[in-house]
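Every number for a ligand or one of its atoms is a count from 1 in the order of the listing. Computed over heavy atoms, backbone and side chain alike; hydrogens, waters and symmetry mates excluded. Throughout, numbering of the chain's residues begins at 1 and tracks the sequence.
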Amino acid sequence: MITTPHPPHPTNNLTSLLSPSFSETFVAEIFVSRQLFFLHHIQILELFLALCVFITIHSLRQKKHHGLPIWPVLGMLPSLSFAVLGLQTNLYEWLSQVLYRQNGTFLFQGPWFSSLFCVITSDPRNLEHLLKTKFSNFPKGPYFRDNVRDLLGDGIFNADDETWQGQRKTASIEFHSAKFRQLTADSLFELVHARLLPVLEDSIKHSAAIDLQDILLRLTFDNVCMIAFGVDPGCLQPGLPKIPFAQAFEDATEATLMRFVTPTCLWKTMRYLNLGAERKLKRSIREVDEFADDVIRTRKKELALLLSATNNSNASNDDDKKNKHIRSDLLTVFMGLKDERGEAFSDKFLRDICVNFILAGRDTSSVAMSWFFWLLHQNPGVEHKILQEVCRIVGGRTSSDRDHDHESKNNGDDDEAVVFKPEEIKKMEYLHAALSEALRLYPSVPLDHKEVVEDDIFPDGTILKKGTKVIYAMYIMGRMEAIWGKDCREYKPERWLRSSDGRFMSESAYKFTAFNGGPRLCLGKDFAYYQMKFVAASIIYCYRVKVVENHPVEPKLALTMYMKHGLKVTLQKRDRAERKKLLNI
Ligand code: HEM
């Protein structure tokens, strides 16, 4: 019998259609073709499943060589997404496990057609190579500069080459001048004794828990504005008010950060259309600019008045008089300088300089102190040793020192507070070690970024193509057994002290990278230590800081390592007898 592969043509007559032989054949044909159809689909399904299994096995096997599975199209993004969503421990811990598997360096491969390709390293040899030996081959680069330009302009943080060099040189001279040291000492005295301690005292009076991180953030924001702009925004005061400039600054940095996790073309389109985070950014930058313009205008008038007053004066020592009255904040210093063409800096450039310094010095030391107080809570032995050291130094004061202290104290109802002098702060070496140890485990800047100018090779053999982004992971370096030994995860200030005489020993900047290294070493490092030691010693001398039970503590994913939920603490006034015993006077 001849079978047709197709059903009868619709023009065939009805009898033939209904004949039994035809219908049997027809049903059989449909049955067979359906079977073939299902078989066909099952085969496709099987093939598809087999392909999926193959891709999965292949992708997972990549983990062995590349550190993470590499999926078609999406690259390593799925693993990163899981880590960011918190399905792993925390992002930094997850990254340290990957780096550990890859001997300290690996290439992160993002989705096709994205800019998410970068080399991530925690190898000290590579750090020395990129921060010092081949410094000029690893600038911040166009990707970083493009993302932060609207907020930071051409300021030091966002500048490379000559623009960076000029600012660095001037600011460096300023940071090491006696006048600047005086400014930092005076501003800190004012902030700690007239503002911080009264706010803490208030919390004891009301038996209230406070967010210590928030209070320290307010303190350092006010402090860095005093240094950069010569003005005090007043964030730290009773009632902890919202200050529009501080809020605008915070919003602007958060919205800028969003650009790093948004495809470039998308945030540029959003900026053009003034939508979402870009809208917020524009508004907050306008507020920051208004504040800066106002300060610059006022300062210019102030300087002009001062200049005309000294010009009209007949005194012979005019210059001395003028210098005495001129402020020593960064804005005033840069206003007195000229650019390479011999012209005064533009207001925009002055604004950029100040905004960059505020960004650099605003949160870094406060978050470091927050982690430090949390570590002390878990290590009461360390806290006791710090108190011992502080009391020994106070106990060693002469009677004239003590008179000075009573005169300068500006805190009526707290007769226990002492004002530490710069030379006393310098002597606090155990406290210095305890803060460095906190920064080792919780560096305020957990990751940093550079871009390769010309093809290069890292000392560990990693090949770097021109344009590659390099991320160096300070958080991970602080927890590497190869650098710090088997007890690398323990909080031990003693590791920073020489066993023979207990003096502080500094560590190579390419191993202890919290302050960066090479020509771009943090400019505020000495100031930051002074600030942190002054604040920490003043608090510890007066109070016991207790973290509220069950308060969750984890890092926030941001450019600076904030505590995600702040640091809720209660304070107890220290027993006078406890201190007396240690003071030994
Ligand atoms: C614990 C406190 C601090 C830490 C851990 C810290 C850390 C760092 C790090 C890692 C960098 C390199 C950033 C980069 O190039 O991407 C840096 C740069 C810088 N820091 Fe700090 N910093 C601290 C406090 C301060 C303070 C208080 C100031 C100023 C008042 C300051 C001023 C600067 C400046 C101006 C730069 C840029 C240097 C340059 O690019 O040449 N820092 N800091």
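Proximity to Lys140 (heavy-atom distance under 4.0 Å) selects the following atoms of ligand 1: 14 (C), 15 (O), 16 (O). In summary, the atoms of ligand 1 found under 4.0 Å from a heavy atom of Phe357, numbered by their order in the structure, are 35 (C). Those atoms of ligand 1 that come under 4.0 Å of a heavy atom in Ala528, given as number and element, are 2 (C), 24 (C). Within ligand 1, the atoms closer than 4.0 Å to a non-hydrogen atom of Gly361 are 26 (C), 27 (C), 28 (C), 29 (C), numbered from 1 in the order shown. Residue-ligand proximity, Ala514 to ligand 1, at heavy-atom distances under 4.0 Å covers atoms 5 (C), 7 (C), 10 (C). Below 4.0 Å from some heavy atom of Phe527 lie the following atoms of ligand 1, by number and element: 27 (C), 30 (C).
Aromatic ring centroids of Phe221 and Phe245 lie under 6.0 Å apart. For an aromatic pair to be called close, the ring centres must be under 6.0 Å apart, and Tyr529 with Phe515 satisfies this. Checked against a 6.0 Å centroid threshold, the rings of Phe357 and Phe175 count as neighbours. A distance below 6.0 Å separates the ring centres of Trp496 and Phe512.
Counting heavy atoms closer than 4.0 Å to ligand 1, residue Cys522 contributes atoms from both its backbone and its side chain.
At the top of the distance list for atom 11 (C) of ligand 1, counting protein heavy atoms only, stands Asn516 CB, 4.0 Å. Among protein heavy atoms, the minimum distance from atom 4 (C) of ligand 1 is reached at Phe515 CE2, 3.5 Å. Protein heavy atom nearest atom 23 (C) of ligand 1, with residue, atom name and distance: Thr364 OG1, 3.4 Å. In terms of protein heavy-atom proximity, atom 33 (C) of ligand 1 is nearest to Ala360 CB, 3.5 Å.
A cation-pi arrangement is not found for Lys132 relative to Tyr510, the charged atom failing to lie both closer than 6.0 Å to the ring centre and inside a 45° cone about the ring normal. Taking the ring centre of Phe157 as origin, the terminal cationic atom of Lys140 falls inside the region bounded by 6.0 Å and 45° from the ring axis.
Each of Lys300, Arg297, Arg299 was compared with Asp347 under the salt bridge (charged side-chain N to carboxylate O under 4.0 Å, His left out) criterion, and only Lys300 meets it.
Backbone and side-chain nitrogen or oxygen atoms of Arg520 are examined, and one is located within less than 3.5 angstrom of a nitrogen or oxygen of ligand 1. For the pair Asp448 and ligand 1, the shortest N or O to N or O distance falls below 3.5 Å. Residue Arg168 places at least one N or O, backbone or side chain, under 3.5 Å from an N or O of ligand 1. By the 3.5 Å distance cut-off applied to N or O atoms, Thr513 is not counted among the residues near ligand 1.
With hydrogens and angles disregarded, a donor-acceptor distance shorter than 3.5 Å links the side chain of Asn356 to the backbone of Leu152. The main-chain N or O of Val382 is never found under 3.5 Å from a side-chain atom of Asn379 such that the two would form a donor-acceptor pair.
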Intermediate values then yes/no, side-chain hydrogen bond (donor to acceptor under 3.5 Å, both in side chains), Thr121 and Asp123: CA-CA 6 Å; Thr121 187; Asp123 186 325; 5.6 Å; no
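The nearest non-hydrogen atom to atom 39 (C) of ligand 1, considering only Tyr472, Trp164, Phe157, Tyr530, comes from Trp164.
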